[in-house]
Amino acid sequence: MENYINQVLSYIQDGIAAGDYVILVENDRIYPIIHKELSTRLTEDQMEFLHFVNNFDFYCSSGSYHPPAIEEYFNKTVQPYVENKISFRSWAHVEWATLEEPLRIEQ
């Protein structure tokens, strides 16, 4: 977990240093840890470049993992950046439940 958080922190800091907004799709248990550490490393103005999206909402907005719904959610999230020609990058944390058999994904 420590390694994962350090990777996320580096990704966010590098993005903001490059002038990009960062869309962070993360779970609501890990995000407060990331936010707390970032608040010691970045200014308030720099923190404005970070946009948090709850990963459960992101991946299950249609009630289950459904790629077309995920794509639609992502497009809605990034639309203001694209329309205004604002540079951004995204980090998405995918969590998989343990399954007894393979899951068929419908598109």
Side-chain angles (χ1 to χ4, degrees):
M1 180 59 72
E2 184 179 337
N3 186 42
Y4 173 78
I5 290 173
N6 285 332
Q7 288 178 9
V8 174
L9 292 169
S10 292
Y11 184 83
I12 293 168
Q13 287 180 270
D14 290 348
I16 292 171
D20 294 341
Y21 282 79
V22 179
I23 300 166
L24 175 63
V25 181
E26 184 57 75
N27 80 41
D28 60 359
R29 294 176 317 280
I30 296 176
Y31 178 70
I33 298 166
I34 294 168
H35 188 270
K36 181 179 179 182
E37 183 59 32
L38 283 173
S39 68
T40 68
R41 299 179 183 197
L42 301 175
T43 67
E44 274 188 49
D45 288 342
Q46 289 173 314
M47 290 293 288
E48 294 294 321
F49 282 74
L50 180 63
H51 177 151
F52 168 69
V53 177
N54 181 293
N55 71 343
F56 180 80
D57 296 338
F58 185 80
Y59 291 111
C60 296
S61 62
S62 67
S64 65
Y65 185 88
H66 186 63
I70 295 166
E71 181 181 15
E72 182 179 344
Y73 195 113
F74 182 78
N75 288 336
K76 284 181 185 177
T77 300
V78 303
Q79 183 178 3
Y81 300 95
V82 173
E83 287 177 354
N84 293 299
K85 295 181 173 49
I86 297 171
S87 180
F88 71 91
R89 59 180 72 189
S90 62
W91 176 285
H93 182 169
V94 181
E95 297 177 280
W96 297 101
T98 302
L99 301 174
E100 292 183 14
E101 56 188 64
L103 175 66
R104 181 183 162 135
I105 297 176
E106 302 289 330
Q107 290 217 29

(request) Calculate, to the nearest 0.5 Å, the distance between atoms CD1 and OH belonging to I16 and Y21 respectively. (result) 10.0 Å
(message) Tell me the closest heavy-atom pair linking N55 and H93, and the distance in Å.
(response) ND2-O, 2.9 Å
(request) Indicate yes or no: at least one non-hydrogen side-chain atom of I12 is less than 4.5 angstrom from one of I34. (result) yes
(request) First locate atom CG of L38, then atom CG of L50, and finally report the distance between them rounded to the nearest 0.5 Å. (result) 6.5 Å
(message) Taking CZ in F56 as the centre, count heavy atoms belonging to other residues, nucleotides or ligands within less than 6.0 Å. Is the count above 12?
(response) no
(message) Can you give me the closest heavy-atom contact between A92 and Y59, atom names plus distance?
(response) CB-OH, 3.2 Å
(message) How long is the straight-line distance from CZ of F49 back to CG of L42, given to the nearest 0.5 Å?
(response) 10.5 Å
(message) What's the separation between atom CH2 in W91 and atom CG in L24, rounded to the nearest 0.5 Å?
(response) 9.0 Å
(message) Distance check, rounded to the nearest 0.5 Å: H35 atom NE2 versus I33 atom CD1?
(response) 13.0 Å
(request) Evaluate the side-chain proximity of R41 to L9: yes if any heavy-atom separation is below 4.5 Å, no if none is. (result) yes
(request) Would you confirm whether N27, through its side chain, and R29, through its main-chain N or O, come within 3.5 Å as a donor-acceptor pair? (result) yes
(request) For the pair S39 (side chain) and K36 (backbone), establish whether a donor and an acceptor sit closer than 3.5 Å, ignoring hydrogens and angles. (result) yes
(request) Drop me the distance from Q46's CD to Q13's CD, to the nearest 0.5 angstrom. (result) 8.5 Å
(message) Can a donor-acceptor pair be found, under 3.5 Å and without considering hydrogens, that links the side chain of Y11 to the backbone of S90?
(response) yes
(message) Before we go on, tell me: are the rings of F88 and H51 under 6.0 Å apart, centre to centre?
(response) no
